[in-house]
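Have a look at the structure below before the remarks.
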Amino acid sequence: MDLFFHYLSMPYLIDGVGYTLLITVLGLLGGLAMGLVLAAMQLSRFRALAIVARTYSIIFRGTPLILQMVFCYNALPLIGIKLTAIAAASLALALNEAPFIAEILRANVIGVDRGQVSAGQALGMTPAAIMRRVIAPQAIRSMVPALGNEAVSALKNSSLASVVAVQELTLRSTQLASATFDFFSIFFASGLIYLILTGAIAVIQIVVEMLLDLDRPPPREQLTRFFRALLPGREAAPAAVSARPVPTGAGEETVPAEPLPPPSAKVAASVRVDREARAARLAGNAAAVEVTALRKAYGANTVLNGVDLGVRTGEVVALLGPSGSGKSTLLRCINRLEGWDGGDIRVGGRSLDRAPDGRALPPRAIAQMRASVGVGMVFQQFNLFGHLTARENVAGPLRWVQGLTRLDADRRAMELLERVGLAHRADALPRHLSGGQQQRVAIARAVAPNPSVLLLDEPTSALDPELVSEVLEVIHRLAVEDGLAMVISTHQLRFAGEVADRIVFLSGGTIIEEGPAAQVLNAPRHPLTARFLSKMEGE
Ligand code: ADP
Ligand code: MG
């Protein structure tokens, strides 16, 4: 036993640990840097880059590390690259780790919900901004466990550096053992040292996971709580009141009567202003959206087949139609979340698809165009950024896209959250809000940059029935107060009747009927519209 402790603290072995750690750290950092490049190449729009990255992965994942180490140390000098043993081993480890780390990065980037990307795009964020502000923060959280695994395996793999005579722990242990024949104690001691090192990695992993856990209060608060709990005679409970409200259940909390001014009766009354006067006023407004002869197919499936639609500034158009009729696709084409095959779309007189000279716009230019023409979107699934509080969901894009200062963005965010009756939940994460609350935040986020056109894709379809009215009320108010053009696809007929100036009925990718809301709802001319309306009313 004494011998075992002797080896455990022997400078000869401890020096070996130094080399082991050096190679591991260099290998991991190099692997991370190269992994980032490989993942970016594979995720890139350019196929050639993806193919090069994939080929590299196949080669370096498919050959033994020990061979790569020998190659770096013995073969590279033949082409004039002479490396020390430590450099060669670290390089080989980095080359070998890179494809594994790249796959971890790629898997976690792909794993972020596509809706988050759509939301970022709809807000006018460029692809780089979406990666940095939306995807990376969420992907990093989920990749920590896999990266922890990778660090442990790199540490153990560093022992292979003994083949190129790096004086790391394994080599020194075997040397010592062959000199003393004290195999058991030496290998037991060196095994224990490896365990301590990998244990340290596990502890680092746990700490990083804790720090990145959004459901935990900030680290400083955790420390305060910890110390308060240690102090006798002090109530620990008050410390539990966190700056970030503690989650209240799994999400769908029962929503108490919230301050949602003004009451709906008042709104409804103001909406029922003279419809004809409003229609006459709207007729003089400029065109906000012009869709002409729009055609769009997914493969052989023609989804939109010659759609013509004009929406004027201040006009509210309700898009009705059976499921699969192309409503979402039409809305996603209007803000160019989808490309199309024929026809043209102009928002505020400008194309989001092509430059004035007819060339297709690259994604970055499309994003800038979205922000500059001002076209906001509200999604069926809310698509709030999951890692950000309600306030940050609204304020973030104002800073990143509109360039507001933090102070101004926060002020505007609070103003809008107040408007949708959620100022008191400003610091809550989306998953701690009910569906109705999430959608109200999403509406606040979409209107924060003052868009001229707001697209709403079945904004209440994913909600429990009792949460529908709070969202409709917010939309109602926007329609009355804000004077922006709205295109809203919905199954809420009564709501459409109250809010919409015009109803457009879509079926099988074509508009088969459109007209003033009252006329289409009460006296539909097309039998398909009539059948759809009676079915919806029957529900
Ligand atoms: P709606 O919103 O009216 O229910 P959608 O616009 O979502 O209709 O869909 C219209 C048609 O397009 C459907 O047949 C649907 O299956 C198809 N579709 C929608 N999105 C895609 C896609 N990304 N790839 C292939 N087909 C799609
Ligand atoms: Mg849809």
Side-chain angles (χ1 to χ4, degrees), residues 45 110-122 127 130 289 291-309 311 316-343 345 347 352-353 363 366 375-384 435 438-439 442-443 446 453-463 468 471-472 475 486-493 495-496 499-500 502-514 520-521 524 526 528-533 535-536 539:
R45 286 184 288 143
I110 294 172
V112 174
D113 179 22
R114 295 305 298 166
Q116 304 270 303
V117 177
S118 288
Q121 288 176 317
I130 293 174
V289 178
V291 179
T292 33
L294 187 68
R295 257 190 326 100
K296 158 108 187 139
Y298 288 112
N301 180 13
T302 300
V303 177
L304 296 172
N305 195 3
V307 170
D308 293 290
L309 175 68
V311 184
V316 179
V317 170
L319 207 53
L320 300 188
S323 184
S325 56
K327 302 183 296 295
S328 299
T329 307
L330 175 57
L331 291 175
R332 292 173 65 86
C333 284
I334 292 176
N335 66 354
R336 189 50 181 81
L337 287 184
E338 296 282 352
W340 52 86
D341 305 307
I345 299 181
V347 182
L352 299 184
D353 188 48
I366 294 176
V375 49
M377 185 160 197
V378 174
F379 298 85
Q380 188 173 350
Q381 303 294 343
F382 329 133
N383 294 352
L384 289 180
Q438 286 187 55
Q439 193 60 303
I443 292 170
V453 179
L454 184 63
L455 311 170
L456 301 105
D457 188 8
E458 301 205 33
T460 59
S461 297
L463 297 176
V468 168
V471 171
L472 291 184
I475 300 172
M486 274 168 62
V487 186
I488 170 167
S489 101
T490 181
H491 288 296
Q492 303 284 334
L493 296 186
F495 170 73
V499 173
R502 194 149 49 96
I503 284 181
V504 168
F505 190 83
L506 204 61
S507 178
T510 43
I511 294 176
I512 59 168
E513 175 160 6
E514 67 175 304
V520 175
L521 289 177
H526 199 288
L528 276 178
T529 320
R531 198 177 333 144
F532 176 79
L533 293 178
K535 208 162 96 197
M536 293 307 295
E539 275 179 8

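Just so you know, ligand 1 is whichever comes first in the structure, and atom 1 is the first atom listed for that ligand.
A heavy-atom distance below 4.5 Å is found between the side chains of F379 and L337. L533 is listed as a side-chain neighbour of L521, based on a closest heavy-atom distance under 4.5 Å. The shortest side-chain heavy-atom distance between L309 and L330 falls under the 4.5 Å cut-off. The side-chain heavy atoms of D353 and I345, taken from C-beta on, include no pair separated by under 4.5 Å.
The side-chain hydrogen bond (donor to acceptor under 3.5 Å, both in side chains) check on Q380 picks up nothing, with sequence neighbours excluded. Taking E338 as the reference, K296, R332 meet the salt bridge (Lys or Arg N to Asp or Glu O under 4.0 Å) condition, with sequence neighbours excluded.
Listed as neighbours of ligand 1 are Y298, N301, V303, P322, S323, G324, S325, G326, K327, S328, T329, each bearing a heavy atom under 4.0 Å from the ligand.
A donor-acceptor pair under 3.5 Å is absent between the side-chain atoms of N305 and the main chain of G509, judged by distance alone.
The tally of protein N/O/S atoms under 2.8 Å from the Mg ion (ligand 2) stands at 1.
In terms of heavy-atom proximity, V347 sits nearest to V375 at CG1-CB, 4.4 Å. Closest heavy-atom contact between V378 and A442: CG2-O, 4.3 Å.
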